[in-house]
Protein chains: 2
Amino acid sequence: MSLKPRNLTEQLVETLGLRIVSGDYPVGDRLPSEQYFGEEFDVSRPILREVTKVLMAKGLVESRSRVGTTVRARENWSMLDPDVLRWTIQSLPEQDFIDSLFDTRMVYEPGAAALAARNASEEDLVRIRSAYEAMEEADTTSDLMDPDLEFHQAIVDATQNPFLAHIGRTLYNALKYSIELTSRHPHTHDLSLPRHKAVCDAILKRDSAGAARTMQILLEESRRDFVHVAGIDETDHQ
Amino acid sequence: MSLKPRNLTEQLVETLGLRIVSGDYPVGDRLPSEQYFGEEFDVSRPILREVTKVLMAKGLVESRSRVGTTVRARENWSMLDPDVLRWTIQSLPEQDFIDSLFDTRMVYEPGAAALAARNASEEDLVRIRSAYEAMEEADTTSDLMDPDLEFHQAIVDATQNPFLAHIGRTLYNALKYSIELTSRHPHTHDLSLPRHKAVCDAILKRDSAGAARTMQILLEESRRDFVHVAGIDETDHQ
DNA sequence: CTTACTCATATTGTATGACCAGATGACGCA
DNA sequence: TGCGTCATCTGGTCATACAATATGAGTAAG
């Protein structure tokens, strides 16, 4: 996934972005000059300049004319940028990432579900139900992932709010990438399907309070599934 | 604010980004070639290429080799990117933007406040209280804005969650920019200060349920203040 | 010895021109 | 009409050059 660098610039963005997020170049420090990087990677300066511009666009660095390019403080990084997120996953301990991710989901997804119950169009409702039905038909936990994410995405899209929809899209992609990266699918609870159904039904009935409540329960359980997997993994290593 | 294009690339990013977000180049359409833009703006190709890379990094366009650069679907845009947000504000009807923004805040800020009540460090608590005290000392509504935003920022930072902190930072900056752009400060309600105090106290007492509840009330009121201003403005124009 | 100035250097900003390779679409041929 | 060929367009990459200024070392003045 996303490991198909189509050109030199993307390759270098990948390399340098990961280095920065990993802390190889500490916050506040100046990056090596364009000329240096040009020699290290054997690419021309225009390429390096394109790379720098991309990293600037993602908030990782800032460039001052005739001075150099410095790493910006973490709070300026575009944490929800797909690339930054991916680099974060690759360089952070997995559990920390999962914790932050689920904290975020639990903060905003119940409210998003409530809003979706109010704002969803007929097409949105169909999409949500379809996603749920696809979950019912999944055989293995890995088959379950895509419809599951589609279910959640359909809900946040149904809020009709571009910010919420975007946040959801980004987080779910990150979650998916994280699962694929570790090849460890969460151990799905038996109650998972009924609880998704509860959320689905609440939204279809446009019961926003119920949507929020059931979504919260769903997320708590989903989080436990992840913790469970992580726990198994740790004991395996001992 | 942010109207200080330091170099050609940033100028052009500003121009083209705004054009795209405004819909001058429809979604799915191909942008004019690099050569064309080079002639329209009288800049060299490397500059145009840097601009394109930046717009790609923000999710606005995608570039396929030997084919062209096309505008991506809106759901791929990095809606929380400061630049994209600014262009959105400039091209969207203001009320739509405010609505979306407050919907988002109301979805995630009560939960963030609750999390902050649990996770805040001692420094965070001091910062939150200081921000509140600065609000008390403000004389005019425009003096109130900065401490107000700092108050909310301090709270989301106190969650210790990089995603939530980043979302907050971005949205508050957008809100600030929107206010400054229209020069219309919200008509602050008399109960605004006590209600901020309620949130502050709840977090200081580490009462997460109380923090969520008081924050929700605060936001509902704050939203009304904005609607009020917008209403006044409309009647003025008639 | 301290301060102020000068200047070479380093570094980013910009432009030009060139070549490559692949996607595209028009054209001509069967 | 249908197919294959090919000129053209477009982005990808490179080499090179010059501009402009922040920086810091070195120098001169006090």
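Keep in mind that the numbers below use all heavy atoms, side chains included, and drop hydrogens, waters and symmetry copies. Numbered from 1 within each chain, the chains take letters A, B, ... in sequence-line order.
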Asker: Any side-chain N or O of B:Ser63 below 4.0 angstrom from OP1/OP2 of D:dG12?
Answerer: yes
Asker: Find the distance A:Asn7:CG to D:dG11:P and express it as a whole number of Å.
Answerer: 13 Å
Asker: Just by distance, with hydrogens left out, do A:Tyr177 and A:Gln90 show a side-chain donor and acceptor under 3.5 Å apart?
Answerer: yes
Asker: Quick one: which of D:dG12, C:dA15, C:dG13 gets closest to the side chain of B:Leu8?
Answerer: C:dA15
Asker: Using distance alone, with no hydrogens and no angle criterion, decide if B:Thr159 and A:Asp103 have a side-chain donor and acceptor under 3.5 Å apart.
Answerer: no
Asker: Could you check how far CD of A:Gln35 sits from P of C:dA10, rounded to whole Å?
Answerer: 9 Å
Asker: Looking just at side-chain N and O atoms, do B:Tyr25 and B:Arg19 make a donor-acceptor pair shorter than 3.5 Å?
Answerer: yes
Asker: Could you tell me how far apart A:Glu50 (CD) and C:dT14 (P) are, to the nearest whole angstrom?
Answerer: 14 Å
Asker: Between atom CD in A:Glu39 and atom C1' in D:dC14, what is the gap in whole Å?
Answerer: 15 Å
Asker: Can you confirm whether A:Gln35 is buried at CD, in the sense that more than 12 heavy atoms of other residues, nucleotides or ligands lie under 6.0 Å from that atom?
Answerer: no
Asker: Within the 4.5 Å heavy-atom criterion, are B:His196 and B:His152 side-chain neighbours or not?
Answerer: yes
Asker: Applying a 4.0 Å non-hydrogen cut-off, can you work out what B:Thr52 is touching in the nucleic acid: base, sugar-phosphate, or nothing?
Answerer: nothing
Asker: Between B:Arg49 and D:dG12, does any side-chain N or O lie under 4.0 Å from OP1 or OP2?
Answerer: yes
Asker: Look at the side-chain N and O atoms of B:Ser44 and state whether any lies under 4.0 Å from the OP1 or OP2 oxygen of C:dA15.
Answerer: yes
Asker: Nearest heavy atom decides the nucleotide; on that basis, is A:Ile47 or B:Arg30 closer to the 5' end of DNA chain D?
Answerer: B:Arg30
Asker: Could you tell me how far apart B:Glu62 (CD) and D:dG12 (P) are, to the nearest whole angstrom?
Answerer: 12 Å
Asker: Nearest whole angstrom, please: distance from the P of D:dT13 to the CD of A:Glu10.
Answerer: 9 Å
Asker: Taking CG from B:Asp42 and C1' from C:dA15, how many angstroms apart are they, rounded to a whole number?
Answerer: 11 Å
Asker: Go through C:dA15, D:dT13, D:dA22 for me and flag the one nearest to the A:Arg66 side chain.
Answerer: D:dA22
Asker: Check whether the side chain of A:Arg64 and the base of C:dG13 form a donor-acceptor pair under 3.5 Å.
Answerer: no
Asker: Expressed in angstrom and rounded to an integer, what is the separation of B:Lys53 atom NZ from D:dT10 atom C1'?
Answerer: 13 Å
Asker: Between D:dG11, C:dT11, D:dA15, which nucleotide gets closest to the side-chain atoms of A:Pro46?
Answerer: D:dA15
Asker: Quick check on D:dT13: is either OP1 or OP2 less than 4.0 Å from any side-chain nitrogen or oxygen of A:Thr9?
Answerer: yes
